[in-house]
**Q** 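Structure below; questions to follow.
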Amino acid sequence: MSSSLTLASEPAVERPRRLLIVLGAALIAATYAFLVVVQPAEIAGGMGSTASLVSLFGFLGGGALLVGGILPMLSTSSLVIMPLGIALNIAIGQIAGSLGMQIYLDAIGTVLVAVLAGPAAGAATGAISNAIWGLFNPFALPFAAGAALIGLLAGLAARYGAFRRVYLVPVAGLVVGAVGGLVAAPVAVFMFGAAGTFGTNAIIAVFRSMGDKLLVAATKQGLLSDSLDKIVVFVIVAVIVYALPQRAIRQFPFARTYRVLGNRTGTTAGATSGTSTAGTGDGGAGSTTTPARGNDSSVG
């Protein structure tokens, strides 16, 4: 009887968690739609405008709902790496922007979290990073939805094997970057007149000189810069996670459950007793406890 009660209670536990994830994703998407439709150019002036406050609370709120939805499934390691990912995004992204580079490098933390902790954790990291960054760099705030999408797609790519083979990593980065560039282009044009760094402005100027309209030129620039940027970011993250000890990787339920790095997150010495690391709980290798689902929802 206790077994049947346990099985019956699982859907009841899952529903609120999934609802929070869906609401978080919907709030982020709605905030993005608001920015594209309303096109509030005053957002570039800082946090004093209504549009800035709406965007801040929309992206922060969406990120918080995502975190709330996945929190019960996160290990201590996952909880620690998310703030680290946010800090990496802001610090490296700010430096790259200050140097006027053609690429952004502001998603290293997001992709790292997504690979180790899952799509929802990556999406939350991306959205929260840009929302916090927007407090002192208003140009970052409207791109929070795109940053969340990058985290989601990177986590899905990791879940389905993009990091199990070295040659798949840049391919995944190319695809994710292309999608991110398409999403970011309308925001860049409608709110900032496609103004960016010295490097990205130069690329847009080249396309404009060839007769392209601003939106077309910005979209082409986004496809070019974002694709190249995400290839570099994915490769950097791959180097980082490949360098981590197997014991450290297995501290992340998502990476362990889906064998994100292939054999590096496969069975351990404890498997000789018939227990796979991919199915153990957070108690460690060889645990005989009930298999942990980890971050195993379609978005988590």
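What you see below is based on every heavy atom in this structure, not just the backbone, and it leaves out hydrogens, waters and symmetry mates. Throughout, residue positions are numbered sequentially from 1 according to the sequence presented.
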**Q** Are V232 and V175 connected in the hydrophobic side-chain network, where two residues link if heavy atoms are under 4.5 Å apart?
**A** no

**Q** CE of M47 to CG of L56: how many Å apart, nearest 0.5 Å?
**A** 4.0 Å

**Q** Can you see whether S78 engages S75 through a side-chain donor-acceptor pair at a distance of less than 3.5 angstrom?
**A** yes

**Q** Could you measure the distance from the CZ atom of R208 to the CD1 atom of I203? Nearest 0.5 Å is fine.
**A** 15.5 Å

**Q** Which heavy atom in V187 sits nearest to a heavy atom in P142, and how many Å separate them?
**A** CG1-CB, 3.4 Å

**Q** Can you name the closest pair of heavy atoms from E42 and S49 and give their distance?
**A** CG-CB, 3.5 Å

**Q** Got M191 and P40 here, is their nearest side-chain heavy-atom distance under 4.5 Å?
**A** yes

**Q** When clusters are formed by joining ILVMFWY residues with side-chain heavy atoms under 4.5 Å apart, either directly or through shared neighbours, do F139 and M101 land in the same one?
**A** yes

**Q** Is there a chain of hydrophobic side chains (I, L, V, M, F, W, Y, each step under 4.5 Å between heavy atoms) that links I86 to L60?
**A** yes

**Q** Between OG of S55 and CG of N130, what distance do you get to the nearest 0.5 Å?
**A** 11.5 Å

**Q** What pair of heavy atoms forms the shortest contact from R164 to L261, and how long is it?
**A** CG-C, 4.1 Å

**Q** Is there a side-chain contact between V179 and D226, using heavy atoms and a 4.5 Å cut-off?
**A** no

**Q** Would you give the length of the straight line joining atom CD1 of I150 to atom OH of Y104, rounded to the nearest 0.5 angstrom?
**A** 10.5 Å

**Q** Indicate, with yes or no, if V206 and L223 share a hydrophobic cluster defined by side-chain heavy-atom contacts under 4.5 Å among Ile, Leu, Val, Met, Phe, Trp and Tyr.
**A** no

**Q** Does the side chain of P186 reach to within under 4.5 Å of the side chain of F190, using non-hydrogen atoms?
**A** yes

**Q** Just checking F57: does its CZ atom have more than 12 heavy atoms from other residues, nucleotides or ligands closer to it than 6.0 angstrom?
**A** no

**Q** What verdict does the ring-ring contact (aromatic ring centres under 6.0 Å, His included) test give for F234 and F163, after you've listed the backbone C-alpha separation in whole Å, the side-chain angles of each residue and the deciding distance to 0.1 Å?
**A** CA-CA 9 Å; F234 271 58; F163 285 80; 5.8 Å; yes

**Q** Could you tell me which non-hydrogen atom of A172 sits nearest to which non-hydrogen atom of A157, and how far apart they are?
**A** CB-CB, 4.3 Å

**Q** Might you point out which heavy atoms bring V241 and V115 nearest each other, and give the distance in Å?
**A** CG1-CG1, 4.3 Å

**Q** Checking side-chain contact (heavy atoms from CB on, under 4.5 Å) for the pair I128/I132: CA distance, chi angles, key distance, verdict?
**A** CA-CA 6 Å; I128 294 173; I132 295 175; 3.6 Å; yes

**Q** Within the structure provided, determine whether D212 and I204 are in side-chain contact (heavy-atom separation under 4.5 Å).
**A** no

**Q** Side chains of L84 and V80, heavy atoms from C-beta outward: is any pair under 4.5 Å?
**A** no

**Q** Mind checking whether W133 and N89 have side chains closer than 4.5 Å, heavy atoms only?
**A** no

**Q** Please report the C-alpha distance between F192 and F143 in whole Å, then the side-chain angles of each, then the deciding distance to 0.1 Å, and finally whether the side-chain contact (heavy atoms from CB on, under 4.5 Å) criterion is met.
**A** CA-CA 11 Å; F192 305 121; F143 296 99; 3.7 Å; yes

**Q** Would you compute the distance between atom CG of L174 and atom CD1 of I231 and round it to the nearest 0.5 angstrom?
**A** 4.5 Å

**Q** Under the side-chain contact (heavy atoms from CB on, under 4.5 Å) rule, what do L35 and F59 come out as? Steps first, then yes or no, please.
**A** CA-CA 12 Å; L35 292 174; F59 290 132; 3.9 Å; yes

**Q** Any heavy-atom pair between the side chains of Y32 and L149 that's under 4.5 Å?
**A** no

**Q** Check whether V233 and L244 end up in the same hydrophobic cluster, where Ile, Leu, Val, Met, Phe, Trp and Tyr are linked by side-chain heavy atoms less than 4.5 Å apart.
**A** yes

**Q** About how many Å separate CD of Q246 and CG of N263, when rounded to the nearest 0.5 Å?
**A** 8.5 Å

**Q** Could you give me the CA-CA distance, side-chain angles and deciding distance for L66 and I28, then say whether side-chain contact (heavy atoms from CB on, under 4.5 Å) is met?
**A** CA-CA 10 Å; L66 289 176; I28 292 173; 3.9 Å; yes

**Q** Locate the shortest heavy-atom distance separating T200 from S225; write the atom from each residue and the value.
**A** CG2-OG, 4.3 Å

**Q** Just by modelled atom types, is the G48 backbone N or O under 3.5 Å from a matching donor or acceptor in the S52 side chain?
**A** no

**Q** Which residue is it: F252, Y160, F254? I am looking for the one with a side-chain contact (heavy atoms from CB on, under 4.5 Å) to V260.
**A** F254

**Q** So do the side chains of R256 and I249 get within less than 4.5 Å of each other, counting heavy atoms only?
**A** no

**Q** Picking from L116, T110, T125, what satisfies side-chain contact (heavy atoms from CB on, under 4.5 Å) with M82?
**A** T125

